[in-house]
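Sending over a structure as structure tokens; questions will come in a sec.
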Number of protein chains: 2
Amino acid sequence: MSIQGIFPIDKWDFKSESILADLPVADFDRLMARKSEHVYKKGEILFREGGYPAGIYYIVEGKVKKYKTDKNSREQIIYVANTGELLGYHAILSEYRYPDSAATLEESTIAFIPKEDFLACLQQSAILNNRLLKTLSHEFAVLANSVTLFAQNSVRERLALQLIVLREKYKVNFEPGMAVEINMSRDDLASLAGTARENVVRVLSEFKEAGMVETKGRKIFITDIKKLIDLANAR
Amino acid sequence: MSIQGIFPIDKWDFKSESILADLPVADFDRLMARKSEHVYKKGEILFREGGYPAGIYYIVEGKVKKYKTDKNSREQIIYVANTGELLGYHAILSEYRYPDSAATLEESTIAFIPKEDFLACLQQSAILNNRLLKTLSHEFAVLANSVTLFAQNSVRERLALQLIVLREKYKVNFEPGMAVEINMSRDDLASLAGTARENVVRVLSEFKEAGMVETKGRKIFITDIKKLIDLANAR
DNA sequence: TAAAAATATTGATATAAATCACTTTTCGCA
DNA sequence: TGCGAAAAGTGATTTATATCAATATTTTTA
């Protein structure tokens with residue numbers, strides 16, 4: 001789902017192009033022929049940065065964080081993938097190792113597709129080919145935005161933007177005006193905003209003061225998205 | 001050219017996969033059939049973020065910065081493209097607008113290839129297809145590294161890393177132990193490192209103190225790459 | 001080659017954010 | 001249902017870097 005139209009440009013359109021949508025049934029079936037589906041508990045690791053790729057992963061249902069870990073073992077979340085998204089294809093297409101790690105953010109059902117099946121399908125399906133090119137190009141735009149965000153914006157702005165993006169991913173059965181619950185630890189939010197947990201807590205309570213969010217225990221509710229967007233667009 | 005082997009992992013392998021290398025002659029000729037070549041002066045703009053793409057650009061000779069401009073018109077350089085690299089394909093492949101702007105960093109000879117020719121060639125050449133998939137996947141890895149760099153590293157580390165990367169791009173007729181001259185303004189360096197010009201100047205003079213670089217007027221020479229790398233890897 | 005313009009440098013100060021040390025709350029589960 | 005571990009929150013302090021104001025240097029050009 002897109003947030004186009006809310007932002008001036010769709011600068012923060014983090015919508016996930018579904019790579020497999022509209023794939024001809026034959027192609028889809030070939031791809032999925034030897035898949036193995038598995039339910040992962042929250043926090044389980046699918047693959048690790050630097051590892052050699054054996055195949056790709058399809059999120060049947062759930063959420064996965066893609067992240068990098070630096071030498072101080074501080075984690076940086078690059079992206080939050082949602083139901084319907086594909087994972088791990090970068091490593092296979094670049095003929096190299098996984099550029100990041102992936103771990104479930106909640107209990108998730110995930111299908112594994114062997115590398116050979118993915119490559120075979122890729123060779124035969126022009127549509128899959130084009131979808132990948134399109135998705136990868138879109139990812140470039142999204143990551144370029146991230147670079148600018150981290151290089152030039154304050155923690156406050158970074159967190160605001162990440163909350164806006166997360167809201168899109170966490171809203172289900174949404175009706176206008178409804179608060180969206182974001183189910184993510186302060187630590188993960190910190191990792192997503194590129195800061196320390198303490199700062200997330202402080203900024204979050206600022207946002208609470210300003211009537212943008214509410215919290216109940218660990219739960220975070222986005223109550224006024226418009227205000228958040230204004231803050232993110234300000235300066 | 002790669003800096004693999006210098007870094008522990010090739011974390012900062014910013015080498016540019018040449019998309020057009022090894023392309024069958026027939027494909028290459030078709031792609032280039034209607035190209036128009038033009039010499040740009042330093043600082044000329046090839047395309048602007050948000051613009052509708054009319055084609056792609058091939059750097060015959062020269063250097064181009066890809067950058068984004070935020071609401072305060074502060075510039076963030078995302079990438080420095082070198083001789084032999086292709087520009088502007090993201091916009092065409094994603095079927096959207098240019099995600100960033102491009103401007104020459106020095107006098108450069110650049111060929112423009114109409115969108116139709118690029119797409120036609122893409123449709124007929126499986127090799128071009130695969131090269132694009134590979135390059136885009138590699139770009140993902142590079143940008144993911146950038147995100148982590150900006151989110152978690154100090155200005156000192158950021159500048160050190162950017163200098164290491166620039167050194168690869170600015171070295172010509174290089175012999176071991178030779179100093180490499182980086183011909184870039186303090187403002188552009190600041191934009192590349194995500195900081196203000198003043199801070200670049202200060203950090204640069206620190207590096208000079210430490211014997212890593214030398215300056216002559218505006219010119220910057222990387223004299224001890226090993227020390228720079230140690231600094232970038234430290235922490 | 002001198003004057004003007006662009007670019008770079010320096011120092012002082014303000015501000016944001018990291019870090020540390022600690023307390024409190026929440027929640028899974030025994 | 002209450003205990004213990006994990007997660008969240010708070011306050012004080014330090015540190016890095018942004019910002020401002022002014023000067024100096026380099027390059028361009030007339």
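Sequence lines set the chain letters: A, B, ... in the order given, protein chains first and strands last, and positions in each chain run from 1.
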**Asked** B:Leu189 has an atom CG; how far is it from atom C1' of C:dT7, in whole Å?
**Response** 13 Å
**Message:** What is the distance, to the nearest angstrom, from the CD atom on A:Glu209 to the P atom on D:dG9?
**Reply:** 14 Å
**Item:** Donor/acceptor link under 3.5 angstrom from A:Arg202 side chain onto base of D:dG11
**Value:** yes
**Side-chain donor/acceptor of B:Glu37 to backbone N/O of B:Phe112, under 3.5 Å** = no
**Asked** Can a side chain N or O of B:Asn199 be found less than 4.0 Å away from OP1 or OP2 on D:dA18?
**Response** yes
**Request:** From the options D:dG9, D:dA18, C:dA17, select the nucleotide whose nearest atom is closest to the side chain of B:Thr195.
**Result:** D:dA18
**Prompt:** Taking the side chain of A:Glu198 as its heavy atoms from C-beta onward, which of C:dA6, C:dA12, C:dT19 lies nearest to it?
**Reply:** C:dT19
**Complete:** By nearest-heavy-atom nucleotide on DNA chain D, the more 5' of A:Ser185 and A:Ala151 is A:Ser185
**Prompt:** Can you check the B:Asp187 CG to C:dT9 P distance for me, whole Å?
**Reply:** 11 Å
**Item:** Sugar-phosphate only, base, or nothing, as touched by A:Arg218 at under 4.0 Å among non-hydrogen atoms
**Value:** base
**Request:** Rounded off to whole Å, could you give me the CZ-to-P distance for the A:Arg74 and C:dA17 pair?
**Result:** 13 Å
**Complete:** Separation of C:dT25 atom P from A:Arg186 atom CZ, nearest Å, is 15 Å
**Complete:** Per atom distances to the B:Arg158 side chain, the nearest of D:dA8, C:dA8, D:dA18 is D:dA18
**Message:** Tell me the interatomic distance from B:Arg197, atom CZ, to D:dA22, atom C1', rounded to whole angstroms.
**Reply:** 12 Å
**Asked** Within the structure shown, what part of the strands sits under 4.0 Å from B:Ser205 by heavy-atom distance: base, sugar-phosphate, or nothing?
**Response** nothing
**Request:** Quickly work out the B:Lys216 NZ to D:dT27 C1' distance and round it to whole Å.
**Result:** 18 Å
**Message:** Would B:Lys219 pass as a cation-pi partner of B:Tyr170, given that its NZ or CZ must be under 6.0 Å from the six-membered ring centre and within 45 degrees of the axis?
**Reply:** no
**Request:** Give me the ring orientation class for B:His90 and A:Phe140: parallel if the planes are under 30° apart, tilted from 30 to 60°, perpendicular past 60°.
**Result:** parallel
**Message:** Can you measure A:Phe150 atom CZ to C:dA18 atom C1' for me and round it to whole angstrom units?
**Reply:** 16 Å
**Item:** Distance under 6.0 Å and angle within 45° of ring axis: B:Lys66 vs B:Tyr98
**Value:** no
**Request:** Tell me what B:Arg156 touches on the nucleic acid: a base, only sugar-phosphate, or nothing, going by heavy atoms under 4.0 Å.
**Result:** nothing
**Prompt:** Checking side chain to side chain contact (heavy atoms under 4.5 Å, CB included) against A:Gln162, which of A:Ile77, A:Leu149, A:Ile182 comes through?
**Reply:** A:Leu149
